[in-house]
Every structure is written in structure tokens, then in C-alpha cells.
Amino acid sequence: MSGYDHGMSAPPPPEPIPGARLLFSLDPAVSHLNHGSFGAVPVNVQRAQQRLRDEMEANPLRFFGLSLVDRITHTRRHLAAFLGADPDGTALIGNATTGVAVVLQSLGLRPGDEVLTTDHGYGAVGFSIDRECRRTGATRRILPVPLTATDEQVVEIIRAGLRPGRTKLLVVDQLTSATARLFPVTAIVGTAHANGVPVLVDAAHAPGMLATPVASVGADFWVGNLHKWGYAPRGTAVLVVTPPWRDRIEPLVVSWEQAAGFPGNVEWQATLDYTPWLAAPAGVWTLRSLGVERVRAHNAALASYGQRVLGDALGVAPADLPEPGGPTVAMRIVPLPAGLATTIDAARALRNRIAEELSAEVAVMTWDDRGWLRLCGQVYNAPHEYERLAARLPALLAQC
Ligand SMILES: Cc1ncc(COP(=O)(O)O)c(C=O)c1O
């Protein structure tokens with residue numbers, strides 16, 4: 001039973017999914033309110049991976065023998081079907097950042113070319129674009145998109161920012177990390193293509209959380225992490241590429257499957273641990289057995305509840321709490337008092353203090369020169385975790 005006074009602003013939290021918390025090995029002394037950063041792997045999926053590791057260590061030569069490529073191919077087909085992606089255009093990769101790097105270095109950028117992004121993009125992806133631009137003489141241009149822009153306005157801002165002929169790639173997030181904002185990627189891709197600009201959609205958070213089939217987005221390149229909301233072991237992500245680009249994709253590391261072309265040449269990276277990929281279908285199975293729609297609805301409603309509770313505690317009016325733009329988005333942000341977490345270092349320091357002193361794992365973001373608290377909802381979370389944080393956070397912030 002929740003002890004929080006819901007007053008006028010907070011809708012009641014969702015009913016818990018019975019037994020779901022027990023699927024995870026998370027430290028019960030900590031409120032884990034940041035599933036979005038590194039995910040959490042259910043115990044049965046950890047076990048599935050351990051069985052694969054046992055098999056590998058029992059006879060490494062046999063494990064890495066010919067059938068491993070077939071097992072990877074089988075896994076790829078399974079995960080692509082779950083995501084609504086073309087399996088022949090889907091490569092398993094280690095993480096979203098790797099997928100971005102593969103695409104960037106396959107483009108053949110030249111001096112004068114530009115890569116267009118928005119100011120909602122993920123930091124490390126920005127660094128990756130910057131490095132490729134430095135290497136090739138291209139430039140990165142960042143379009144500011146107001147947090148409150150409607151979908152139509154977002155599409156228009158991006159359309160107006162395209163420089164046909166010069167913009168060689170548009171990189172947009174399907175669900176942004178810093179601002180937990182859903183972008184209308186299908187419409188954005190349509191606009192970019194109408195101007196002859198290819199698009200890379202950074203969908204790091206989409207697998208497991210969003211229902212949109214990858215193929216329906218129409219992006220030339222799409223990267224998504226299974227190890228966030230898909231309950232897969234860390235190190236499981238996909239890069240999806242449309243047919244015209246597949247022959248141009250070059251792996252970061254050339255290995256024995258080079259002659260196979262995409263996706264095999266990107267997947268096979270020599271002697272690595274492939275057990276996260278092989279165990280990933282167990283994560284999807286876990287999600288399916290809980291009920292994918294039920295999990296999505298639960299997580300989004302709980303994140304929304306947490307946003308209201310923390311917003312109330314920090315004196316933020318409900319109208320000033322950013323809406324993510326979709327019914328299954330399980331991440332929400334709350335503005336922090338002015339002057340807090342305005343730099344990446346300050347945000348990290350505040351995050352660490354909240355973790356150490358309040359036993360709560362949250363994300364603290366810096367965006368648009370101010371600090372934001374990012375909260376997630378997941379099946380292992382309960383309303384009292386947000387309420388407990390809300391009761392204690394104002395006093396900690398007052399000391400900052
Ligand atoms: C939008 C976005 N893109 C990319 C990434 C990078 O994911 P990874 O660390 O798995 O490469 C993240 C991670 O949180 C993200 O939120």
C-alpha cells in the first residue's frame with residue numbers, strides 16, 4: 001500500500017506484475033530507478049548465458065567451431081523477428097555505439113560533407129561523429145530542438161536544417177537519452193529521404209520498450225540495444241541496414257567472415273565472447289512470458305507516477321513535467337532546481353551522492369544548460385521507491 005498522498009496531480013501507480021521482482025538479482029537495499037543506462041538481466045537469462053559459458057569452457061575448440069556461425073545466424077533471425085526487422089539486413093553487434101561507428105566509417109565522408117544531428121543526441125554518439133569528421137574533413141552540425149516542440153515542429157525543424165547534397169547523414173534518436181523524448185522517426189526519415197539524405201536512427205532504447213517494427217521506420221541504418229529493455233545480457237545489440245547500403249558496410253574489425261559480406265562480416269569479430277548474443281533469446285522469452293504489452297504499460301505508468309511524485313517533491317508543476325510522446329515510454333525526466341547539475345561533472349557528482357546517500361540509482365542529465373533527473377519504470381520497481389526518494393531528495397539538493 002502506498003503511503004503517498006496522491007493529491008490532485010499524481011494518478012495512482014499501476015498494479016505490480018506478480019512475482020516479476022523475483023526474476024532479478026538486484027540488491028534489495030537499493031532503489032534501481034535507472035534501468036535505461038545499463039539494463040538488468042533476469043536470473044534465468046544469466047543462467048542461460050552461464051550454461052553457454054560452461055559449454056564454451058568445456059571445449060573451446062568445439063564451441064568456436066563451424067556451428068557457432070550457424071548459432072549466431074539462428075539467433076540473429078530470432079531477434080530480427082522480434083524487432084520486426086529484415087533478418088538478412090540485421091547484424092548482431094556489441095552495443096549501439098559500435099553500430100554507429102560501423103555506419104560512420106562506412107560512409108566515405110569527405111571534406112565539405114556534413115553529418116546532421118540534434119541537440120538531443122547521445123553524448124558518445126556525438127563524440128563518434130566528431131572523430132569521423134576530424135578524420136575525413138567533414139563537419140557535424142547540431143540542430144537545436146525545443147523540448148516542447150510538437151512532432152510536426154520537430155519534423156519541420158529537421159527538414160529546414162537539411163542541406164541536400166551536402167548533408168551526407170542525418171542521425172536522430174528514436175527515444176532520446178537525456179530528454180526521454182520520443183521523436184517521430186518515421187516522418188523524419190520520410191522528410192530526409194525526400195531530400196535525398198540517408199538517416200541513421202539511434203534506437204538504443206527501443207528494443208523491448210517500443211512497439212514500432214524496425215522495418216516500418218524505413219531508416220537506412222537503425223541501431224538498437226537488446227541489453228536495455230529486452231532483458232538480454234550486456235553486449236547484445238543490432239545494426240539494421242536497408243538493401244542499398246548493405247554492400248557498403250565495412251566491419252570495424254576484419255576477420256574470417258569478411259568474404260560473407262553483411263551481416264556476417266560485421267558479426268564475426270574473431271575470438272570474442274558470443275554468449276551474450278546466444279542467450280539473448282532467453283531475455284525476449286522472459287519478456288514475452290510476462291506479457292510484452294503488460295510490461296510496457298506497467299513500466300510507462302510507473303515511470304509517469306515516479307515523475308509526478310518527484311515533480312511534486314521538487315515543486316515542479318505538472319504542466320512543466322515533460323511528456324515523452326508515447327504510451328509505452330518507460331523513462332521520464334524532472335527538471336532539477338536551477339543551478340544544479342549544469343555540467344557533466346556536476347551531474348555525475350550529484351548522481352553519485354544520490355546513490356551513496358539515498359541508496360537510489362537514478363540518471364542525472366545535463367541538457368539545455370540545466371540539470372534533469374531521469375527516472376525509469378521497470379517490473380522490479382515499486383511505487384514506494386519513488387516516494388522514498390521524493391521524501392529525501394529535497395534535503396540533499398538543499399545542501400548542493
Ligand atoms: C540514445 C542512446 N544511444 C546510444 C547509447 C549507447 O548505448 P551502448 O552503451 O550500449 O553503446 C545509449 C545508452 O544509454 C543511448 O541512450
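From a predicted model like this one, the values you see are computed outputs, not experimental measurements. All ligand and atom numbering here is 1-based and tracks the order in the structure.
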**Item:** Side-chain donor or acceptor of R294 paired with backbone N/O of L290 under 3.5 Å
**Value:** yes
**Request:** Give the single entry among H205, H120, K228 that approaches atom 16 (O) of ligand 1 most closely by any heavy atom.
**Result:** H205
**Asked** Would the F24 and H32 ring centres measure less than 6.0 Å apart?
**Response** no
**Message:** Which residue and atom name correspond to the protein heavy atom nearest atom 15 (C) of ligand 1, and how close is it?
**Reply:** Y122 CD1, 3.3 Å
**Asked** Taking N or O atoms only and a 3.5 Å limit, does N225 qualify as a polar contact for ligand 1?
**Response** yes
**Residue T97 vicinity, atoms of ligand 1 by number, heavy atom under 4.0 Å** = 6 (C), 7 (O), 8 (P), 9 (O), 11 (O)
**Fill in**
Of D88, D86, D220, the one forming a salt bridge (charged side-chain N to carboxylate O under 4.0 Å, His left out) with R246 is D86
**Request:** Please identify each residue that fulfils ring-ring contact (aromatic ring centres under 6.0 Å, His included) with F221, with sequence neighbours left out.
**Result:** W245
**Request:** Would you confirm whether N59, through its side chain, and R62, through its main-chain N or O, come within 3.5 Å as a donor-acceptor pair?
**Result:** yes
**Asked** If we only count N/O pairs under 3.5 Å, is A96 in contact with ligand 1?
**Response** yes
**Asked** Is the backbone N or O of G235 less than 3.5 Å from a side-chain atom of H227, with the two atoms forming a donor-acceptor pair by type?
**Response** yes
**Request:** Taking only heavy atoms of H227 into account, list the atoms of ligand 1 that are under 4.0 Å away from them.
**Result:** 10 (O)
**S37 N/O under 3.5 Å from ligand 1 N/O** = no
**Complete:** So for D173 against ligand 1, with non-hydrogen atoms under 4.0 Å, the contacting part is side chain
**Prompt:** Are the charged groups of R163 and E114 less than 4.0 angstrom apart, N to O?
**Reply:** yes
**Message:** As an exercise, identify every atom of ligand 1 less than 4.0 angstrom from a heavy atom of S177.
**Reply:** 1 (C), 16 (O)
**Item:** Shortest protein heavy-atom distance from atom 3 (N) of ligand 1, along with the residue and atom involved
**Value:** D202 OD2, 2.6 Å
